[in-house]
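Just so you know, residue 1 is the first one in the sequence shown, and it goes up from there.
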Amino acid sequence: MTLTGFIFGLVAFACAALVAYTVTPPVRLLAFRIGAIDIPTDERRMHKKPTPRIGGLAIFAGFMVGTLVFCEPTSELYAIWTGGAILVCLGILDDIFRLSAWLKLLVQLFVAGIAVSFGIVIDHITLFGAYIDFGYFAIPITIFWIAGLSNAINLIDGLDGLACGVSVITSVSIFLVTLIAGDTTSALITAILIGACSGFFPYNMNPARIFMGDTGALFLGYTLSIISVQGLFKLHTVLAFLVPLSIFALPIFDTLIAIVRRLAHGQSPFHPDRGHFHHKLVDMGFTHKEAVRMLYAISSLAGLVAVVYTDAMFQESSAKVWKTIAVLLVVGVIIILNYICMKKPSTRLLSGLVEHISEIKLEEQELERKEKELEKEKEKEKDKEKEDPDSEQHHLHFTNKE
């Protein structure tokens, strides 16, 4: 990328960020006026007070202004603009009235079909250098990917700043991969999306002043899925399909585990529950901020693997391939070590992963220890008094003299 191109992309990023940042306060006011408020009515919700949603409308505004000003219209953008607008409208209605999950799925499938009509299709993958054509299965596979990823981003939107932050991290990974691949068009679109999310993010950090709601989660999932189809699945690398799977590993695995868990309990795949990764971390003793940071780190590590792998494949260097394998192994070891640290309360306290809670718990444990020691000393004194009654009389005599 030339210096001019870099500056152009930076200005596009800044434009989207400024629009999203300045539009969020009016959107928050609009949420109160139209009743788009998330009221915590069950234990699944992690916030304690009513909070406005439809914050995704600000992200959509920032993205639209950025792409209309700085991008040349392409089939990829037409698909995002059209389908994204429909999903934003759907999200606003859902954030106000709480629509049926099946109705939302039908609309998502319809919007995915719109993307396909614009030529956004996963028609093949590259497997160890072999070109595998999907043929008639290309369209259903694409629709499944777009609708699935839209829901995946929506499902991880359970803690302040989580979905927005993970979307930024995955977008940065896509941006780097597309730059390495020389796809400047997808890179510019992704930079604008990063800007739009970054502008909204200050309002969404814990404690959140506004949620992105389904309005933002569905739009982000849809947009990221379109960019991934155009910029990731069509990479000419040995295992191209591993790049998007690695970048979106966190939301994909969280969604798959949620579906299996719900079906195993005889529930609908759309039945809401408190079993997502972020719920588990909070239940283990992490604060909201600590749980979000942990999931950010996992998402970043998965994105790093994708970027390093893409760089190795395009450089066609055996040394870089081995470096990629080394990075993958290191990431695996880091995740396993952190899992060991998080598994038990005692190891979490010693590791410092639950920094704020650990101090309180350590103080409580110290007080308990001192109380037990005092009780033991009292018991010993009682035992001595029973064994030596003369000493007790001597003690009483000495006390009376005083």
**Study point:** CG-CD1 distance between Leu179 and Ile174, expressed to the nearest 0.5 angstrom
**Key:** 12.0 Å

Practice item. Please confirm whether the backbone N or O of Leu220 pairs with a side-chain atom of Thr223, one donor and one acceptor, at under 3.5 Å? Key: no

Point to revise | Side-chain donor or acceptor of Thr215 paired with backbone N/O of Ile92 under 3.5 Å | key: yes

Exercise for review: Check the surroundings of atom OH in Tyr21: do more than 12 heavy atoms from other residues, nucleotides or ligands lie under 6.0 Å from it?
Suggested key: no

**Study point:** Value rounded to 0.5 Å, distance of SG in Cys164 from CE in Met212
**Key:** 4.5 Å

Check your understanding: Within a radius of less than 6.0 Å around CZ of Phe144, do more than 12 heavy atoms belonging to other residues, nucleotides or ligands occur?
Key -> no

Practice item. Find the distance between NE2 (His288) and CG (Leu162) and round it off to the nearest 0.5 Å. Key: 11.0 Å

**Study point:** Under 3.5 Å: donor-acceptor pair, side chain of Thr22, backbone of Val19
**Key:** yes

Exercise for review: Identify the two heavy atoms, one from Ile59 and one from Ala196, that lie closest to each other, and give their separation to 0.1 Å.
Suggested key: O-CB, 3.4 Å

Practice item. Could you give me the CA-CA distance, side-chain angles and deciding distance for Val168 and Phe201, then say whether side-chain contact (heavy atoms from CB on, under 4.5 Å) is met? Key: CA-CA 9 Å; Val168 169; Phe201 190 70; 5.7 Å; no

Check your understanding: Side chain of Arg53, backbone of Asp95: donor and acceptor closer than 3.5 Å?
Key -> yes

Check your understanding: Could you state the interatomic distance from CG (Asp214) to CD1 (Ile54), rounded to the nearest 0.5 Å?
Key -> 12.0 Å

Review point. Does Lys289 pair with Asp160 as a salt bridge, N-O distance under 4.0 Å?
Key: no

Study note, to complete from the structure: In terms of heavy-atom contacts, Ser246 and Ala302 come closest through OG-O, 2.6 Å

Practice item. Would you indicate whether Leu245, at its atom CG, is surrounded by more than 12 heavy atoms from other residues, nucleotides or ligands within a distance under 6.0 Å? Key: yes

Review point. What class does the angle between the rings of Phe118 and Tyr78 fall in, given that below 30° is parallel, 30 to 60° is tilted and above 60° is perpendicular?
Key: parallel

Check your understanding: CG/Asp38 to CZ/Arg98 distance, rounded to the nearest 0.5 angstrom?
Key -> 6.5 Å

Check your understanding: For the ring-ring contact (aromatic ring centres under 6.0 Å, His included) test, which of Phe60, Trp81, Phe200 pairs with Phe219?
Key -> Phe60

Practice item. Would you indicate whether the side-chain heavy atoms of Ile141 and Asp123 approach each other to under 4.5 Å? Key: no

Check your understanding: Does Leu155 reach the side chain of Pro251, with side-chain heavy atoms less than 4.5 Å apart?
Key -> no

Check your understanding: In Å, rounded to the nearest 0.5 Å, how long is the span from CD1 of Ile122 to OG of Ser228?
Key -> 6.5 Å

Exercise for review: Kindly say whether Asp183 contributes a backbone atom to a donor-acceptor pair with the side chain of Ser186 at under 3.5 angstrom?
Suggested key: no

